[in-house]
Amino acid sequence: MEKLKPLEKLKLGVLISGRGSNLQALIDATADPAFPAEIVLVISNKADAGGLLRAQAAGVATKVIPHKEFSSREAFDTALDDTLRAAGVGLVCLAGFMRLLSAKFATSWHDRLINIHPSLLPSFKGLDSHGQALTAGVRFSGCTVHFVRPEMDAGPIILQAAVPVHDGDDEDILAARILEAEHRCYPLAIRLIAEGRVTIEGEIVRIANGKFADSPLLNPIG
Ligand code: GRF
């Protein structure tokens with residue numbers, strides 16, 4: 001019998017600046033031969049980002065592009081863009097990448113650039129989202145995977161996980177609880193995109209054959 005040609009996987013470029021625990025979740029997910037995407041390149045703007053070691057340990061190609069070596073944000077973004085295109089990247093995944101990207105970059109990767117943010121957007125954009133959640137006294141926070149638009153932490157929402165906030169939480173405790181959810185959400189969002197199930201209608205994401213949660217979440221429960 002004729003051997004079936006394996007379907008081509010979506011090629012991911014992952015941008016990091018730090019420890020790379022979300023990158024690790026993607027490395028672990030893509031290790032499954034059935035996962036419909038593969039990481040072709042990890043780029044860090046910092047040479048000492050812990051995530052680079054995670055990528056190297058998994059045999060994933062890495063590149064450091066230090067933003068400090070560029071005279072402008074645009075010049076840095078052009079170098080990023082060239083490197084991603086040369087690697088054949090089809091989807092850029094921001095995973096703790098601590099540089100704002102120019103509007104030109106966001107536009108040229110329109111609908112092919114996603115981010116994970118540790119809050120239920122549009123609440124608590126920007127830095128210190130955990131502190132913002134605690135200050136607001138919300139009973140749930142969480143994380144959001146979204147397509148990137150030029151405005152910070154904005155763009156069509158692909159999926160979210162809600163995480164309870166407990167009395168007595170501090171930023172570290174809340175961040176750790178949300179991070180666990182992030183590690184489930186990012187691979188799932190990428191799988192949905194790679195399976196061709198994600199479309200954007202007027203800046204609202206629709207998921208073909210999505211299985212949606214159907215019960216309300218309460219917190220506290222008594
Ligand atoms: C995560 O909380 C992510 O949501 C935010 O930056 C953090 C990165 O953590 N954008 P890590 O480097 O993936 O561990």
Side-chain angles (χ1 to χ4, degrees), residues 12-31 37 39 41-58 60 62-67 77 80 91-101 105-106 109 113-136 138 140-165 169-193 205:
L12 310 177
V14 185
L15 270 50
I16 61 166
S17 299
R19 68 189 162 185
S21 71
N22 277 289
L23 166 65
Q24 187 67 55
L26 300 186
I27 289 171
D28 294 347
T30 54
I39 305 172
L41 183 61
V42 171
I43 301 178
S44 174
N45 64 315
K46 293 195 166 181
D48 61 354
L52 290 168
L53 301 176
R54 297 177 187 266
Q56 284 151 12
V60 174
T62 60
K63 187 163 169 100
V64 176
I65 306 182
H67 62 274
D77 286 3
L80 272 185
L91 182 71
V92 180
C93 307
L94 307 181
F97 184 66
M98 301 305 286
R99 300 290 302 165
L100 279 178
L101 292 162
F105 186 93
W109 288 90
L113 171 60
I114 62 173
N115 180 43
I116 185 157
H117 182 78
S119 74
L120 292 173
L121 290 174
S123 292
F124 315 137
K125 296 179 177 183
L127 294 174
D128 189 29
S129 41
H130 309 107
Q132 292 183 54
L134 293 174
T135 302
V138 292
F140 287 99
S141 189
C143 62
T144 304
V145 183
H146 64 98
F147 288 101
V148 172
R149 296 293 184 253
E151 306 75 36
M152 186 185 58
D153 295 328
I157 291 169
I158 304 162
L159 70 82
Q160 296 184 304
V163 168
V165 181
D169 276 355
D170 63 20
E171 288 185 28
D172 290 342
I173 293 172
L174 180 58
R177 200 178 297 128
I178 291 176
L179 200 60
E180 252 186 76
E182 292 185 42
H183 298 162
R184 292 174 58 197
C185 283
Y186 219 3
L188 175 55
I190 290 168
R191 183 162 66 75
L192 293 172
I193 294 170
V205 169

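Whatever order the structure lists them in is the order used to number ligands and atoms, beginning at 1. Hydrogens, waters and symmetry mates are skipped; everything else that's a heavy atom, side chains included, is used. If you're wondering where the values come from, they're calculated on a predicted model, not measured in any experiment. Count residues from 1 along the sequence.
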Considering only the protein, which heavy-atom contact is closest to [atom], and what is its distance?
{"atom": "atom 13 (O) of ligand 1", "value": "Asn22 N, 2.8 Å"}
{"atom": "atom 3 (C) of ligand 1", "value": "Glu182 OE1, 3.1 Å"}
{"atom": "atom 9 (O) of ligand 1", "value": "Arg19 NH2, 3.3 Å"}

| message | As a check for students: among Ala181, Gly96, Ala95, identify the option with a heavy atom nearest to atom 7 (C) of ligand 1. | response | Gly96

| Check: Ala176 main-chain N/O paired with His130 side-chain donor or acceptor under 3.5 Å | no

| message | Between ligand 1 and Ile116, is the shortest N or O to N or O distance under 3.5 Å? | response | yes

| Gly20 near ligand 1, heavy-atom distance under 4.0 Å? | yes

| message | Measuring only between side-chain heavy atoms, which start at C-beta, is Arg177 closer than 4.5 Å to Asp169? | response | yes

| query | With Asp48, which residues qualify under side-chain contact (heavy atoms from CB on, under 4.5 Å), at least two apart? | reply | Lys46

| field | Contacts of type side chain to side chain donor-acceptor pair (under 3.5 Å), residue Ser141, not counting sequence neighbours | value | none

| field | Residue pair Gln132, Ser119: steps toward the side chain to side chain contact (heavy atoms under 4.5 Å, CB included) verdict | value | CA-CA 9 Å; Gln132 292 183 54; Ser119 74; over 6 Å; no

